[in-house]
Amino acid sequence: MKNTYVLESADIKAIAAAAEAEAQKNNWAVTIAIVDGGGHLLHLQRLDGAAPISAHIAPAKANTAAMGQRESKVYEDMINGGRVSFLSAPDLKGLLEGGVPIMKDGQCLGAVGVSGVKSTEDAQIAKAGIAALGL
């Protein structure tokens, strides 16, 4: 039998606070989503000025990163590289950079998805949030 790790409430609060701090430091209006390992939404925060659509895109990016256990950028790169068949992959809706899995000892605990600025900046915010866990 295998032991698994799970995100706890304190972890989610730490990730959210660090991600928000990174966004505010750069004056970026974004939505931040945190999901568990199954892609289920645990936290959603739309910062002031973030576009309404970002509240749909951020959870989709997080879900894709959690379910695929890899950054959502991987899928974007595959599609841009010509593997357009990934557009038909079931339940993968956030195929843009900005979804980052939360990994510990090879296990995916969940993911952070961010939307609202350039995709590289979305990923920067997500990674800043995850760094708060000190994994």
Side-chain angles (χ1 to χ4, degrees):
M1 196 173 282
K2 186 176 188 179
N3 291 324
T4 60
Y5 301 102
V6 295
L7 293 172
E8 296 180 335
S9 181
D11 300 322
I12 296 161
K13 289 175 184 174
I15 294 166
E20 180 181 0
E22 181 70 16
Q24 289 181 334
K25 174 180 85 173
N26 292 289
N27 294 312
W28 291 335
V30 298
T31 295
I32 301 160
I34 304 170
V35 300
D36 66 12
H40 304 98
L41 189 62
L42 300 173
H43 174 87
L44 181 69
Q45 181 178 13
R46 186 172 142 211
L47 301 182
D48 293 341
I53 191 69
S54 68
H56 293 277
I57 297 171
K61 289 180 179 183
N63 180 278
T64 294
M67 298 297 285
Q69 299 183 7
R70 64 187 70 183
E71 289 194 36
S72 57
K73 181 183 186 325
V74 171
Y75 299 104
E76 180 179 10
D77 290 345
M78 283 192 275
I79 293 163
N80 289 340
R83 291 192 66 195
V84 294
S85 60
F86 261 99
L87 292 171
S88 67
D91 296 325
L92 295 181
K93 299 174 184 107
L95 302 175
L96 303 165
E97 182 176 6
V100 181
I102 304 166
M103 304 296 291
K104 179 173 173 60
D105 298 336
Q107 295 180 32
C108 183
L109 286 68
V112 179
V114 179
S115 179
V117 287
K118 294 178 186 174
S119 291
T120 56
E121 296 166 346
D122 289 340
Q124 177 183 328
I125 295 166
K127 289 174 183 176
I130 294 167
L133 296 180
L135 301 175

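Sequential numbering from 1 along the given sequence is applied to the chain's residues.
The two residues A23 and V30 come nearest to each other via the heavy atoms CB-CG2, 3.8 Å. Of all non-hydrogen atoms in I79 and V84, the two that sit nearest each other are O-CG1, 4.1 Å. In terms of heavy-atom proximity, S72 sits nearest to A65 at N-CB, 4.3 Å. Across all their heavy atoms, S54 and A50 have their closest contact at OG-CB, 3.7 Å. Taking both residues in full, the closest heavy atoms of G39 and N63 are given as O-ND2, 3.0 Å, listed atom of the first, atom of the second, then distance. Taking every heavy atom of both residues into account, A14 and A132 meet most closely at O-CB, 3.7 Å.
Expressed to the nearest 0.5 Å, how far CG of D122 lies from NZ of K73 amounts to 13.0 Å. Separation of atoms CD1 (I34) and CD1 (I12) is listed at 6.5 Å; rounding is to 0.5 Å. Here L96 contributes atom CG and S115 contributes atom OG; the two are 8.0 Å apart, rounded to the nearest 0.5 Å. Here the CD1-CG distance, from I102 to L7, works out to 4.5 Å after rounding to the nearest 0.5 Å.
A heavy-atom distance below 4.5 Å is found between the side chains of N26 and Q124. Side-chain contact check for R70 versus C108: every heavy-atom pair is 4.5 Å or farther apart.
One hydrophobic cluster, built from ILVMFWY side chains closer than 4.5 Å, holds both V114 and I130. A continuous path of hydrophobic side-chain contacts links L133 to L109 [ILVMFWY only; heavy atoms under 4.5 Å]. At a threshold of 4.5 Å between side-chain heavy atoms, the hydrophobic network of Ile, Leu, Val, Met, Phe, Trp and Tyr places L47 and V117 in one connected group. In this structure, L44 is not a member of the same hydrophobic cluster as I15, with clusters built from ILVMFWY side-chain heavy atoms closer than 4.5 Å. One hydrophobic cluster holds both V100 and W28 under the rule that ILVMFWY side chains link at heavy-atom gaps under 4.5 Å.
Counting only residues at least two apart or in different chains, salt bridge (Lys or Arg N to Asp or Glu O under 4.0 Å) contacts with residues 20-43 comprise E22-K25.
Using modelled atom types, one side-chain atom of Q107 and one backbone atom of Y5 make a donor-acceptor pair closer than 3.5 Å. Counting only distance, with no hydrogens or angles, the side chain of D11 and the backbone of E8 share a donor-acceptor pair below 3.5 Å. Side chain of K61 to main chain of V112: no donor-acceptor pair is present (N/O by atom type, distance under 3.5 Å, no hydrogens or angles). The backbone N or O of E97 sits less than 3.5 Å from a side-chain atom of E76, completing a donor-acceptor pair. When atom types are taken as modelled, the side chain of S119 and the backbone of G98 share no donor-acceptor pair closer than 3.5 angstrom.
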TODO: Let me see the working for L87 and L95 under side chain to side chain contact (heavy atoms under 4.5 Å, CB included), right down to the final yes or no.
DONE: CA-CA 8 Å; L87 292 171; L95 302 175; 4.2 Å; yes
